[in-house]
Each structure stands twice: as C-alpha cells, then as structure tokens.
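A quick write-up on the structure given underneath.
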Amino acid sequence: MAFILPGTRDAAYCFALSTTHPMAEQRQVYEPAAIEPKWQQFWLENKVFRAINPGDPDFDAAQPKFYALDMFPYPSAAGLHVGHPEGYTATDIVSRYKRAKGFNVLHPMGWDAFGLPAEQYAIQTNTHPAKTTAANIGTFRRQLQTLGFSYDWDREISTADPAYFKWTQWIWKRLYERGLAYESNAPVWWCEALGTVLANDEVINGRSERGDHPCERRPLRQWVLKITEYAERLLSGLERLDWSDSLKAQQREWIGKSEGAEIEFEVAGHAEDRVRVFTTRPDTLFGASFMVLSPEHELVKRIATPEQLDAVAAYVKQAASKSELERTDLAKDKTGVFTGAYALNPLFEADDPKARIPIWIADYVIVTYGTGAIMAVPAGDERDFEFAQKFDLPVPGIFAPDTGDAEADAVVARGERCITGDVPFAAHCRTSDGSLALAGKSIADAKRAVIDWLAAKGCGEAKTTYKIRDWLFSRQRYWGEPFPVLHTEDGVELVPDEQLALELPDMADFKPGGVPESPLIRAREWVATKDAKGRDAQREINTMPGAAGSSWYFLRFCDPNNATEFCSKAASDYWLPVDLYVGGTEHAVGHLLYSRFWTKVLHDADHVACEEPFHKLYNQGMIQSFAYRDSRGGVVPWADAEERGDDVFHKETGEKLSRFVAKMSKRYGNVVNPDDVVKEFGADTLRLYEMYMGPLADSKPWNPKDVPGIYRFLQRAWRLVVPEFSEHGRVHAHLREDRPADPALEKHLHRMIAKVEDDIGRLAFNTAISAMMIFVNEATKASDKLCRDQLLRFAQVLQPFAPHLGEELWQLLGGEGLLARAPWPAIDPKLLVDDEVEIAVQVKGKVRAKAMIGNGAAKDDILAVAREAVAKYLDGKTVVKEIVVPGKLVNFVVK
RNA sequence: GCGGGGGUGGCGGAAUGGCAGACGCAGCGGCCUUAAAAGCCGCAGACCUUCGGGUCGUGAGGGUUCGAGUCCCUCUCCCCGCACCA
C-alpha cells in the first residue's frame, strides 16, 4: 500500500519558529506537540490500522490473525483517567508489534454507553442521556486519539446505537426461545437510591456496588436469565483459559460448586411433611443432633408447635427486618429459636430415641442456598458446634481419632471439640442391622456408603449445588435496551425480528419514579400497542441491564457493520477467540462470566463456533497517586500541599504533612488528567511512563517526578538522529548515507531487539523499555559510529511503545514507506553471544575474583584460568569439589 | 476464617537455583556556561578499612544445596477477593 507521507513540518510552522531565514540553522529539540497530531491525523485519514476481514478484497488467508481487545469504557462525563491508557497502551504495544511480525491484527474500540453511569449523569445535568452520552463519547474519542492508539476506527461501536442494540435484542430473543430467559417473582435486590433492582454481583454486603447505597430484598416481577444451567460448563471451561489464578479462583468461588447429598427427614407427627437438607458431609449423618431451617423456610409455619409459635413468629419477623449487613458482617453471634417439632434421622428406627432430633430455626442458614435447611452435626461442623454450645444442645461424638495424644483424642471422641479433618469414625457409627458401618472407612468411602444406603431407602441421593444464582436481567430504568416483548392477555409475545431495533421512546422525564417501576410506564403511547394479530398489547417497561450490551461486543467487533447478522460466521470463525484481553479486575465475576455465558449459548445455537471468547486475559493493576494528610489524619488535597526540600507542608497553615498512596479520587484531590500530561510531555511520554512504572499487573503510584525521566529518554533517542543545531528536518551528517555498521553497537542493538521481543511476549513492558534505554545510553556514547540502518531498526522497535517518535525518526532517516507497516527487524542469533565472557570465581560460595574466558571453552580450561585467578585463596587448602557453570561462574569448595 | 498475591537501597522497581540492586527518579561530583537551566561524563546498599580490601545485607527464624531474593517448613506484616454457602 502506498501512502503520501506528510512533510516533517509545514513551512508556515517552520517559519514561525525561525527568527531569520526559514531554512537557517536553528536549535532542534524533540517537540511532541509538533510531531504527534500530524501522525495521528495521518493514521486516521489513511485508515492505516484497518483490520481486514475474510471476504475483503485484500484479505490474505496465509497471514495469522491476532485479536487484541481492551475492555471498552463507560464514556463518563469525567473523561479519560490515567488508568484507562494503562491497559490500552499494553494492548496497543502488542498490536503494533504483531502487525510488524506479519499478523492481521484486530484492535478495536467502542463504548459501553447504556446503563447507570450515563443515566445518573444525565439526571444530574437534566439532559437527555442520548445527548450526554454522545457528548461524552466525543470527548473519549478525542482523548484516545491524542494518545496514538492503533485502533481500527471503522469498527467503532456504541451499545446505545440502535444498529447495535438491535442485535442485543435479537440475541435476547434467542435466549428466550431456548428457555433461558424467564419471568420471576422471587425476591430481588432493590436499591431505593438508584431506583432499580440490581444483580447479585452489583450488590456487596447488602449495598450497591455503584454509589454504596443500601439495598433490600423485595419480591418483584423480573426477567431472569438461566445462567445456572451453564454453571458446570462455566466452571470446567476455566481450565483451558490463560487467566490468572486469582481470577479463575474468583469465578470458581462465585460459581460455588459443591458436591454432597440431599437427605430427606420425616417430621414427627407430620406424616405429609419432609425436611430436605443439603449436606457436603452425608458421612456425618450419625452425628446429626438437630436440624436448622432458615427463618424464611416454607415449613416453619406448619411445624411450629403452639407453645413455640409466638417465639418463632417473633424470630422470623426480626430476621426479616435485619439488613443483610446485620445478618452477615455484624452478627457472627448465633441466634435461633426451637420450633417445638422433631425430625427423624433415617439411620435409626422411628421409635429409637436417637432418631428424634429437634428442629430449630436460625438465620445462619440461608434460604436461597441448597434447600434452605441443614442437618446440624456439631461434632463435625464449626458453625453447628457453636450453635450447640450457645443453646446447650448435646454434641454426640462420632469420631475416634488416634493421634497418639490420648487425652486430646478422648476430648474429640466425647464431642467436646469439633473436628473437620479426615478422622476415623467411631465404632458406634453403624445401623442396628449392620447394613451400614463407617468405622475404618475414609471420608470419601463413608460418603458413598451413606448415599447408597439412603438411596436404597428412598430418602436421599447424591446432589451437586452451585452458589451462582440466575442472572437478574431487568432494570427499572430508562437508559437501557427495551425488551423485544409484548404482554397480551395470553401472556408474553416476542416482537418479530424485522421490527428490531425496538427503540426507546423519547421522554423528557426519564427519572426513576421512586416506586419499583420503570419510567417507561409514563410513555403511555409507547407502552400501549398492538400485537401481530392486532390485539391490544403492552410493551415491557423494564429495560436490560448495562451488562447486556457488553456481553457480546467482542463479537460485533469482528463484523461491526453487518446489517443482516449480528456477526457473520466467517468473521467470528476467523477472529475468535480474543487472543489478548486486558482490563481491570472489577469485572471478574460480572462481565467476564456473562460474556462467557452468552458465547456458550450462541455456540449451542450454532451461531458461533467459539465456546470461550477470551483466551488470554490480563488484569492491569490500578494506577494510584500520592495523597497527603495532616497530623489529625485529615486529607489535604494536592492543591493545598507544597513541597519544600524532602518534606511536604500545608500551603496555608505550614503544617508538615505525611504522604500516603491512595486511589485517585476527587476526595484526595490527587487525580492526574492524561490531557495535562500530553500537553506537557506528549503522548509518547505518557504511554512510556505508564508502561515503565512497574509490572502491568501491579498497582503502583503515579510519581510526577519520574515522568521527565521518560521524556529525557525520548529526547536522547531524538538526539541520536537530529543534531542540536541544524537546518530543520536534517539528520546527522553521518546518517545521510549508508555505511557499514559498527560491530559493538550492532551487538547492543541485536540484544536489545531480542530482549524487547521477549518482554513483549511476557507483557513485561517495563523491562523492555529499560533495554531500550540501555541501548540509547550506549549509542549516545558512540553516536558518531551509528549508521542509518541501525537507527531505522531502533525506530521500529521503539514504535510500538512511542509510535509518534518512531514514525518521525523513520521519516527523518528516509525509511521506506510507513513505519507502522514496516516489518520487525530480524535478529542474528550469532550476535547474541560473546566471544569472551566474564565469569565469577568463587571460593566456598564467595566471589573472590573475575576472569575472562573464551565462550564455549572446555571445562578444564575454565578451571585452569579460574584456579589461577584465586590462587591465593586456594593456597594451603584442599579443593574438595569444583563446580563449573559455563559462562557464569566457577565455585571451589575447599577445606 | 477461607482463597489469591506480595514484603529487595531514600523512592518506583530488575534479577531461567549461579556475581543482588539492571533501568529510571531523587542525591553527589565534574565538564560546558559570565551564571543558571538544559545537555554531556562519572559516583552512588550499609558498616569497617592500614584504601589492598574486609564484613554484613532481599520482613523474622529454621531447612535443602557447592551456592537461595528465588525451593521447603514455621512465624509475621501488607494488598486484593470471598465471607455463617452447610
């Protein structure tokens, strides 16, 4: 592809800088503001980073593909934060590198534009969310474009665009058709302050994740997606993914698989009622000494005896009024009430007094998990033991440990101490007819034996449960996708595909109503409609949650302008899965689980071949910032702090302040705006600094003092090419024509390239930059020996990190075509090894001398040189062992 | 409590079981300059030193090894996630 390249600077600009003649000698300095906008504009106008789809005219099937994806942002009114470009720079480096290595790279960007943040802002400013969203997107796009990311802007998408959410609605219909979307009246999290219900992952300890408002459980009609049906596949699919252990652990924990059994207990005097419990330890059934139902359990009302009824009713009422916080965080102390009823342990005859176990209710048992009821085995469960202690219930021992400490073993055997490990069962763990006996069995064997025994009797079976709940998928808010659903007298009807996108009505008042109903209820004309048969129908007034659009956007990026399909099979077959997905950990169990779920459903419906959308996932750390506090612990904003020497003082009071590291926030007044950094140092410095701060995955503080160091590095790189005083656009005289490369510099260059390549592969950008710095330092010392070809290759390696300067140097040096399209320089492996290496010579593990030795020298030769180097330390000693690590060291072990 | 990850100079951080502290910041010295800034060259873990060098040193303690920041055990502190899930 041929481009008409822009001039290094236009003549008018040049004239303005020059005090004499435009072409006269002048001081040439690295000036990002003169370089960066020019290249950004060029890249954009010429669609330099366009990704080519199968079927496109210039598609080359022989080229390998690489899909590098950022978690697309909510375009908030605050604009870009320095945290955004961290992950974006990482994927951009990899994208640019992969292009140079001959990959067809898909690197797109878009906007997660529906949802609460956009709507909250619209309400605050009393402007329609469509308007504020469009404005915010404009700001984000402009800001991202000043950072030189190599996005294919032809693929830009917004989840709030009808051309996009048409397909979100279409996919939802497919979920519905497959029985995976249903209406439910179960209690859901309702947040009064936000005026909507929230999904489980949006509620933390009974408070909203966004805004930290209190939430409560309320039964409301809601749309729910059956993600639980995919629990097992979502769990097992994790194994093959290249994700961090911590993220996989978080998803595993959220899915919360646990294997055990359900056991049915008869209730004494209630022939028609059974208590079903779930337990992971069916083998401890011999130790079940009471039952606990959650206060909300349906059986409670029926089985409570008249004498206990008042106490039970009072407890149920009290539990219902407790906030989630009180029930979990604050109230670890066990509470509960006896119902007066008794269950019968199926292991014993009904008339055996051992079979009769009291049924209690307590709020440590959760109604939504398992069956909402447990068999309590205080001898083998800490919580049950604590409860038994508190209410003075007996603790029948079921274990006979044999640790050698007879006294301790006896304590356990008597049930005075609870034990949860793998301990031998006591001899009395057997049924009277001997059909079941646990002594001598391992936990696993005992579990199986008990389950088989119960199954034969018809009162229990093996059972696996999951903590994950179905995905609450509707919100009582305006700014989201409308459901393609009509309610008629016969029930639910789907809006036909050809009527999609079903757009939102234009409303002047889109605020939540303060009652659990969507503001859409006020759009009467929109709500009242006719169905396909011409009957009266009402549109669904709930809207989809923010996570709807983001659950499939990575698919749309493959084929973003397709008007007839959500994504062509050819496009998704080619591009998926995403090869590198970078974003924050905050989406660990929300977005990442939902996206995996939708992909699996679309796979099952034969719309995509891929089953796991994100092959490699990497979480960048948080960029923090210094903050200051006074002696009373009060936070002092940056604006009021003043540095004097090594310490920081309050500008007005003069009080000495202490420094700490914190998340950037308005509260601390320590937010760094990327626009300011670009203005002062340029985008290349910002990109490089963020990558140089430390490992990508770590959280690390922004240190304004470190930024100029990066700028200096780029300045030095520039200086290798451009003399301090010269005509504009001229390079050093020795670079104007080709000449042979200096061998020493060539070696440095090759090593640097090898290191950078290796580090990009590991996403270790900090050390890659360090390697480039070392090269520039070496090259600066011998700058007159550099040749043009070496600097062209340097520009190529610099380009993924500092694309503007790379491109500029390439052009100044007369590189062919566009650097962004040039291939990665080749490495000569021979140049990566030295002829002579310095080895350390140790005596008893202490370095006593250094010696130069030919690379690949024979062991005996190495030893001879080494022995001589440390002769004085070996004198009079006996060498008992000689360790030789070729190329590294020799160690003499002496006596 | 459970799960995941950490603790290395004044600071951010480098180190496939093989010379700890690369690189950058801050600091110090020199060159350049009338001077300063910028730039360039150099020094720089701590302690001791007869200036040759020596001793100590990666949160604490133990172990494995010729050799440990790295592997194992015990403890401790910090960050993140989950949290009465039976």
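When each of Asn777(A) and Thr465(A) is assigned the nucleotide of RNA chain B with its nearest heavy atom, Asn777(A) is the one assigned upstream, toward the 5' end. Of the two residues contacting RNA chain B, namely Val893(A) and Lys467(A), the nearest-nucleotide position lying further toward the 5' end is that of Val893(A).
Taking every heavy atom of both residues into account, Gly370(A) and Phe278(A) meet most closely at CA-CB, 4.1 Å. Of all heavy-atom pairs spanning Ala373(A) and Val275(A), the tightest one is CB-CG1, 4.0 Å.
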What does nucleotides 13-22 of chain B look like as a protein-contact string, B for base, S for sugar-phosphate only, - for none, at under 4.0 angstrom between heavy atoms?
-> SSS--BB--B

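An anti orientation is assigned to G62(B), its glycosidic angle lying beyond 90° of 0. G52(B) takes the syn form, because its glycosidic angle lies no more than 90° either side of 0.
Glu724(A) is linked by a salt bridge (charged side-chain N to carboxylate O under 4.0 Å, His left out) to Arg27(A), counting only residues two or more places apart in sequence or in another chain. The salt bridge (charged side-chain N to carboxylate O under 4.0 Å, His left out) search around Asp201(A) returns none, not counting sequence neighbours.
Residues Val582(A) and Met71(A) have side chains not in contact (no heavy-atom distance under 4.5 Å, counting atoms from C-beta outward).
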Quick one: do Asp834(A) and Lys747(A) satisfy salt bridge (charged side-chain N to carboxylate O under 4.0 Å, His left out)? Show the steps, please.
-> CA-CA 9 Å; Asp834(A) 282 310; Lys747(A) 215 175 225 180; 3.2 Å; yes

Salt bridge (charged side-chain N to carboxylate O under 4.0 Å, His left out) between Glu253(A) and Lys467(A), intermediate numbers included = CA-CA 8 Å; Glu253(A) 224 166 82; Lys467(A) 277 188 225 168; over 6 Å; no

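Aromatic ring centres of Tyr692(A) and Phe765(A) lie farther apart than the 6.0 Å criterion allows. Note: Tyr711(A) and Tyr30(A) meet the aromatic proximity criterion, with ring centroids under 6.0 Å apart. Aromatic pair Phe626(A)/Phe660(A): centroids not less than 6.0 angstrom apart. Outside the 6.0 Å centre-distance limit, the rings of Tyr689(A) and Phe681(A) are not counted as a close aromatic pair.
Taking only side-chain nitrogens and oxygens, Tyr689(A) never comes nearer than 4.0 Å to OP1 or OP2 of C23(B). Distances shown here put every side-chain N or O of Arg716(A) at or beyond 4.0 Å from the OP1 or OP2 atom of G24(B).
On the C1' atoms, G17(B) is 8 Å away from C71(B), given to the nearest whole Å. Comparing the P positions of U58(B) and G5(B) gives a spacing of 23 Å, expressed to the nearest Å. With P as the reference atom, G7(B) and A15(B) are 12 Å apart, rounded to whole Å.
Taking a 6.0 Å sphere around NZ of Lys390(A), one finds it holds more than 12 heavy atoms contributed by other residues, nucleotides or ligands. A 6.0 Å sphere centred on NZ of Lys785(A) holds no more than 12 heavy atoms belonging to other residues, nucleotides or ligands.
Distance Lys859(A) NZ to C66(B) C1': 12 Å, rounded to the nearest Å. Atom NE2 in His587(A) sits roughly 14 Å away from atom P in G81(B) (whole-Å rounding).
Among the heavy atoms of the strands lying under 4.0 Å from Gln250(A) are primed sugar atoms or P, OP1, OP2 only; no base atom is included. Contacts of Arg469(A) with the nucleic acid, taken as non-hydrogen atoms under 4.0 Å apart, are absent. Heavy atoms of Gly709(A) sit under 4.0 angstrom from primed sugar atoms or phosphate atoms, though from no base atom. Counting non-hydrogen atoms under 4.0 angstrom, Ser258(A) reaches the backbone sugars and phosphates but no base. Residue Tyr873(A) is in sugar-phosphate contact alone, with no base atom involved, counting any heavy-atom pair closer than 4.0 Å across all strands shown.
A salt bridge links Arg281(A) to Asp283(A): at least one charged side-chain nitrogen sits closer than 4.0 Å to a carboxylate oxygen.
Using a 3.5 Å distance cut-off with no hydrogens or angles, the side chains of Thr335(A) and Tyr315(A) do pair a donor with an acceptor.
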Report each atom pair, protein N/O against N/O of nucleotides 29-38 of chain B, whose distance is under 3.5 angstrom.
none

Report all interatomic pairs (protein N or O, nucleotide N or O of nucleotides 6-11 of chain B) with separations under 3.5 Å.
none

Taking Watson-Crick and G-U wobble pairs with both distances under 3.5 Å, convert RNA chain B into its dot-bracket string, 5' to 3', dots for unpaired and | for cross-strand pairs.
-> (((((((..(((.....[....))).(((((.......))))).((((....))))..(((((..]....))))))))))))....

